[in-house]
A.B. asks: 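The structure under discussion is supplied below as structure tokens; questions concerning it will follow.
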Amino acid sequence: MATSGLPLSNGIPIFSGMKRFHSQLLKWYRANRREMPWRNTSDPFAIWVSEVMLQQTQVNTAIPYFNRFITAFPTPAALAEASEDDVLKLWEGLGYYARARNLQRAARQVVQLFNGQVPSDKASFQSLTGVGPYISAAVMSIAFGRPAAAVDGNVKRVLSRVTMNDAPVNAASSHAVYQPIADRYFNPNAPGDHNQAMMELGANVCQPKTPRCSQCPVRQMCTAYKQDAVVQYPKVEQRKKVPTRHIAVGVIQKGNQLLICKRKPDGLLGGLWEFPGGGVEKDESAEAACVRECKEEVNLTVRVTGKLTTVRHAYSHFKIVMDVFMCAVQNGRVRLRGPVACQWVRPAELGRFAFPGANHKFIPLLLQALELQSQLKSEKQ
DNA sequence: AACTCGGGGCG
DNA sequence: CGCCCAGAGTT
């Protein structure tokens with residue numbers, strides 16, 4: 001049964017070169033590691049923040065967000081005391097906003113339960129909101145030197161190839177498969193560097209489509225490489241294709257002000273601000289949907305004065321085609337049904353609020369249109 | 001175990 | 001376009 005005749009431990013092949021695997025990997029990492037702002041600190045809070053930002057997010061995307069965020073909130077206490085709007089504004093554009101809301105919740109837990117200090121034991125740290133197996137292992141190993149194997153998408157891919165494991169890396173059950181393998185390959189003599197080296201290897205050498213095996217420091221210990229099967233791994237589950245939804249949005253103007261609404265605190269884009277709108281129903285025009293949604297969400301009867309643009313945007317599980325209309329209030333007083341807050345703001349103030357990406361796709365055009373509008377008005381006088 | 005949750009980079 | 005990304009919470 002044994003895979004390539006190797007001895008097994010818990011079903012995982014043990015090869016005699018584990019020490020060589022560790023030393024080759026570390027040597028490569030220490031010579032090739034990329035510069036990252038969170039690699040210049042030993043502050044557990046900063047390292048924690050970086051790991052949260054790096055969930056499902058590439059390093060280069062996270063870097064500027066990290067620098068702004070850790071400057072604004074250098075400690076758990078500072079984050080705990082901030083307003084959620086300020087936190088979301090700094091997260092704006094990074095996506096997966098529950099990460100920001102959970103991180104702030106966790107910061108408050110740290111202040112209340114741990115005297116403001118990030119706990120250095122795994123059980124306490126992992127009890128915090130938003131801290132799962134990966135972040136727990138990453139922070140414990142990198143910040144505190146504790147032995148914990150971090151398993152992310154990179155590590156699963158590397159281990160899938162190294163051991164030729166057929167478990168699909170994107171399956172729900174994949175973590176249960178790859179965590180014990182990562183434990184077996186873990187290097188307790190260099191917890192933080194080993195974890196980062198595995199991830200760095202996955203990101204820069206053992207890449208999904210175009211692995212650069214010629215540069216790989218552990219190819220002699222890689223089963224797939226030795227069997228010329230690297231590109232057959234990892235196995236991946238096929239994804240369902242995402243549906244498209246049609247959305248209508250109203251930019252409601254009153255004088256020189258616009259109405260913006262704050263989304264409920266959980267779910268999609270929770271806590272972000274947006275222009276009111278919603279789904280276009282079957283056999284309904286986008287314009288009619290805009291009028292209906294404005295009535296339903298903020299209780300205003302509006303009249304569409306023109307169409308601004310159409311915007312396309314992709315989320316994880318669906319795509320949207322969004323028609324944006326300029327509207328004027330005919331009658332009604334604002335009463336909220338759905339949004340948890342709303343506010344009339346001048347165009348220049350929009351930048352103070354966190355908006356979803358789909359809104360940002362038309363805001364520059366909106367500002368341009370409003371500017372043109374005000375120029376025409378002043379010329380008339 | 002399946003679903004939800006963003007946005008960008010890249011072939 | 002589809003895939004992937006230093007995943008975690010909810011159902």
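Naming: A, B, ... by sequence-line order, numbering from 1 per chain.
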A.B. asks: Rounded off to whole Å, could you give me the CZ-to-P distance for the Arg99(A) and dG9(C) pair?
C.D. replies: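 It is 13 Å, rounded to the nearest whole Å.
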
A.B. asks: Between dG7(B), dG7(C), dT4(B), which one does the side chain of Pro356(A) approach most closely?
C.D. replies: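 Shortest atom-to-atom distance from the side chain points to dG7(B).
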
A.B. asks: Under 4.0 Å between any heavy atoms, over every strand shown, what does Gly270(A) touch: base, sugar-phosphate, or nothing? Just pick one.
C.D. replies: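 Nothing, no nucleic acid heavy atom in range.
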
A.B. asks: Say you pick atom P in dT11(C) and the same atom in dG6(B); how far apart are they, in whole Å?
C.D. replies: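 Pairwise P distance, dT11(C) against dG6(B), rounds to 15 Å.
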
A.B. asks: Gln55(A) side chain: which of dG6(B), dC4(C), dA8(C) is closest?
C.D. replies: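 The nucleotide sitting nearest to the side chain is dA8(C).
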
A.B. asks: Ring pair (Phe, Tyr, Trp, His ring centres under 6.0 Å) for Tyr315(A) and His317(A)? Distances and angles first, verdict last.
C.D. replies: CA-CA 6 Å; Tyr315(A) 295 98; His317(A) 284 72; over 10 Å; no

A.B. asks: Looking at dA6(C), dG7(C), dC3(C), which one has an atom nearest to any side-chain atom of Tyr96(A)?
C.D. replies: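 So the nucleotide nearest the side chain must be dG7(C).
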
A.B. asks: Using the P atom as the point on both nucleotides, what is the distance between dA6(C) and dG11(B), in whole Å?
C.D. replies: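 That atom pair is separated by 15 Å.
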
A.B. asks: Closer to the 5' end of DNA chain C via nearest nucleotide, is it Asn102(A) or Glu200(A)?
C.D. replies: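 Taking each residue's closest nucleotide, the earlier one in sequence belongs to Glu200(A).
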
A.B. asks: Under a plain distance cut-off of 3.5 Å, with no hydrogens placed, do Arg99(A) and Thr57(A) share a side-chain donor-acceptor pair?
C.D. replies: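 Their side chains do contain a donor-acceptor pair, which is all the 3.5 Å distance test asks for.
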
A.B. asks: Assess whether one donor atom and one acceptor atom, taken from the side chain of Tyr134(A) and the base of dG7(C), lie less than 3.5 Å apart.
C.D. replies: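 Side chain to base: no pair present.
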
A.B. asks: Of the listed nucleotides (dG6(B), dA6(C), dA8(C)), which one gets closest to any side-chain atom of Pro133(A)?
C.D. replies: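 The answer is dA8(C), which lies nearest to the side chain.
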
A.B. asks: What's the closest nucleotide to the side chain of Arg239(A) if the choices are dA6(C), dG6(B), dC3(C)?
C.D. replies: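 So the nucleotide nearest the side chain must be dC3(C).
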
A.B. asks: Got a donor-acceptor pair under 3.5 Å from the side chain of Thr61(A) to the base of dG8(B)?
C.D. replies: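 No.
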
A.B. asks: Give a yes/no verdict on a cation-pi contact between Lys27(A) and Tyr29(A), requiring under 6.0 Å between NZ or CZ and the six-membered ring centre and an angle within 45° of the axis.
C.D. replies: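 Negative - Lys27(A) is either too far from the ring of Tyr29(A) or too far off its axis.
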
A.B. asks: When you measure from the side chain of Ala172(A), which nucleotide among dC5(C), dA1(B), dG7(B) comes out closest?
C.D. replies: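 In terms of side-chain proximity for Ala172(A), the closest of dC5(C), dA1(B), dG7(B) is dA1(B).
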
A.B. asks: Distance check: side-chain N/O of Gln56(A) vs OP1/OP2 of dG7(C), anything under 4.0 Å?
C.D. replies: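 Yes, Gln56(A) has a side-chain N/O under 4.0 Å of OP1/OP2 on dG7(C).
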
A.B. asks: Does a nitrogen or oxygen in the side chain of His175(A) sit under 4.0 Å from OP1 or OP2 of dG7(C)?
C.D. replies: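 Indeed not, no polar side-chain atom of His175(A) lies that close.
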
A.B. asks: Given dA6(C), dG6(B), dT4(B), identify the nucleotide with an atom nearest to the side chain of Ser316(A).
C.D. replies: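 Of the options given, the side chain of Ser316(A) lies nearest dG6(B).
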
A.B. asks: What about the rings of Phe66(A) and Phe69(A), do their centers lie closer together than 6.0 Å?
C.D. replies: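 Ring centroids of Phe66(A) and Phe69(A) are no less than 6.0 Å from each other.
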
A.B. asks: Any side-chain N or O of Tyr315(A) below 4.0 angstrom from OP1/OP2 of dT4(B)?
C.D. replies: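 Result: no.
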
A.B. asks: Considering only side-chain heavy atoms of Lys209(A), which listed nucleotide, dC3(C), dC5(B), dG7(B), is closest?
C.D. replies: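 Output: dC3(C).
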
A.B. asks: With no hydrogens and no angle check, just 3.5 Å: does a side-chain donor-acceptor pair link Gln253(A) and Gln373(A)?
C.D. replies: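 A pair is found: one side chain offers a donor N or O, the other an acceptor, under 3.5 Å apart.
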
A.B. asks: Name the orientation class of the two ring planes belonging to Phe125(A) and Trp48(A) (parallel below 30°, tilted from 30 to 60°, perpendicular beyond 60°).
C.D. replies: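 Perpendicular.
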
A.B. asks: Could you check whether the side chain of Thr57(A) and the base of dG6(B) have a donor-acceptor pair of N or O atoms closer than 3.5 Å, going by distance alone?
C.D. replies: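 Flag set: donor-acceptor pair detected.
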
A.B. asks: Look at Lys319(A) and dG2(C) and indicate whether a side-chain polar atom (N or O) is within less than 4.0 Å of OP1 or OP2.
C.D. replies: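 Yes, such a contact exists.
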
A.B. asks: Taking only the side-chain nitrogens and oxygens of Lys240(A), find out if one of them lies under 4.0 Å from OP1 or OP2 of dC3(B).
C.D. replies: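 The answer is yes; a side-chain N or O of Lys240(A) sits under 4.0 Å from OP1 or OP2.
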
A.B. asks: Side-chain N or O of Arg101(A) less than 4.0 angstrom from OP1 or OP2 on dC5(B)?
C.D. replies: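 No, Arg101(A) has no side-chain N/O under 4.0 Å of OP1/OP2 on dC5(B).
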
A.B. asks: When the nearest nucleotide of DNA chain C is assigned to Thr129(A) and to Arg157(A) on a heavy-atom basis, which residue is associated with the more 5' position?
C.D. replies: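 Counting from the 5' end, the first nearest nucleotide belongs to Arg157(A).
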
